[in-house]
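Just so you know, ligand 1 is whichever comes first in the structure, and atom 1 is the first atom listed for that ligand.
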Amino acid sequence: MRSLSDQQIKTFLTIFPKAKRDEPLAPYTYLKIGGPAQLYFEAKGADDLVGAIESAKAQNIPWYVFGGGSNVLVSDDGFRGLVIRYLDSTFTVRERTVSAAAGASTVTVAKAAAEAGLTGFEWGTTVPGTIGGAIYGNAGCFGGEMKDIVVTVDAYDPEAAKYVALPKLQCKFAYRDSLFKHKPLVILKTLLALTPSDKERVQAKVAELQEKRRQTQPQGELSAGCMFKNFEFKSEADLDILKRQGDSIPEEMLKRKSISAGWLVDKLGLKGMRVGAAKVSEVHGNFIVNSGGARAQDILQLTSLIKMKVRDELGIMLEDEVQLVGF
Ligand code: EPU
C-alpha cells in the first residue's frame with residue numbers, strides 16, 4: 001500500500017480538523033500490536049462516519065472502519081490510509097427487541113438484554129468487541145451466533161452512495177462470515193429479536209457461560225480471540241490423514257461436521273510454541289497471545305508455522321478467523 005501524500009492528508013484535515021495524523025493503533029487492539037494510521041478519525045454519529053468515508057473516497061484515500069479491536073491483527077507498519085472508529089454506542093431494549101448502534105459494546109448490550117429478562121443473547125456477555133464487529137464476523141459461541149437474533153442491519157453503501165436496510169437473509173450470514181466481509185458496506189445499526197423469559201434463568205445462564213469461558217479460554221492475556229476458523233468438512237474423506245493419526249476424533253466434532261482448530265493445534269503438541277513474544281496459549285490452542293512486546297510479524301510467522309504443521313501432519317488447511325489490517 002502506498003503512503004498518502006501530504007496533500008491528501010492536509011485536504012482531509014481541513015475538512016475534518018479533529019482527525020489525527022500518525023495515530024498509533026496498538027492501543028485500540030486487544031493484542032496491543034500494530035503501527036500507526038496515517039489518518040485517524042473518531043466519528044460520533046452516522047453523518048460524521050459517512051462524511052469521512054465520502055471525503056476519503058473523493059481523494060482516493062483507502063479507508064477502514066475499526067470495530068472494538070478484539071478480532072484484528074494490525075500490521076507493524078500500520079495503515080496507510082484513514083482509520084475510522086465509530087463511537088455511537090447507543091442502544092435501546094424495547095419489549096422483545098434490541099436496537100443497537102454498531103459502536104455499542106457487545107457485552108454491554110447483551111448484559112442489558114439479560115437484565116430485561118430476554119433470552120437468546122446470553123452468550124454475547126462473553127464476547128469482546130462491538131456490535132458492528134459481531135455482525136461483520138457473525139460472532140458466536142456456546143451454540144449461539146448473531147445470525148440467530150438479527151432482524152435487520154442498517155448500513156451505508158459507499159459504492160452506491162446510499163443508506164441500505166438489509167433484512168437478515170440479505171446479510172448472507174454463515175459460519176464466521178457475512179456479506180459485510182465481501183462487500184464494503186459500513187454497518188451502522190442493527191435490530192435484534194430475542195425471547196422474553198424468566199430473568200433469574202437468563203442471569204443463571206449468563207453466569208454459567210461466563211464461567212465456561214473462564215475455564216476454557218485464556219484470561220488476562222493479550223489475544224485476538226480464536227486465530228483460525230474451525231475446519232468444516234464436507235465428508236469424512238476430508239479427514240483421512242487426521243484419522244490415520246490414531247487418536248479418535250471427538251464424537252461432538254464429527255456430529256457437527258466441524259473440527260476445532262484448537263483441538264488440532266493441541267493434538268500436535270504446539271501449545272506454548274513461540275516466535276519472538278508471540279506464543280500459542282497454554283490454555284487453548286486456537287489463541288495466540290502477546291506475551292509482551294510481540295510484533296505483528298511474530299504473530300504471522302507463528303500462525304504460518306501452525307498452518308504448515310496442521311497441513312503437513314493432519315492434511316487440513318486452517319483459515320484465518322482474525323482480520324488482517326494494513327498488510
Ligand atoms: N480442545 C482441546 N484443546 C484445546 C482447545 C480445545 O482439546 O487447546 C477441545 C476442547 O476440550 C473441546 C473441543 O476442543 O472438546 C472444542 O473446544 P471449545 O469448546 O473451546 O470450542 P472451539 O471449537 O475451540 C469455538 C469458537 C470460539 C467459542 C467456543 C465456545 C471458533 C473458531 N471458535 O471454539 O470462538 O468461544 O467455540 O463456543 O469457532 C472466537 O471466535 O474468537 C472464539 C473464541
Is any NZ, NE, NH1 or NH2 atom of the basic residue among [X] and [Y] found under 4.0 Å from an Asp or Glu carboxylate oxygen of the other?
{"X": "D157", "Y": "K162", "result": "no"}
{"X": "D320", "Y": "K307", "result": "yes"}
{"X": "D298", "Y": "R295", "result": "yes"}
{"X": "R176", "Y": "E321", "result": "yes"}

Neighbour list for ligand 1 [protein residues, heavy atom under 4.0 Å]: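 C141, F142, Y175, R176, R213, Q217, G225, C226, F228, N230, E252, M253, R256, S260, G262, W263, D266, K271, H284, G285, N286, F287, E321.
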
pair V289-L222: side-chain heavy atoms closer than 4.5 Å: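 No, every pair of side-chain atoms sits at 4.5 Å or beyond.
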
Heavy-atom check, side chain of V83 versus side chain of W63, under 4.5 Å: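 Not touching, per the 4.5 Å side-chain cut-off.
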
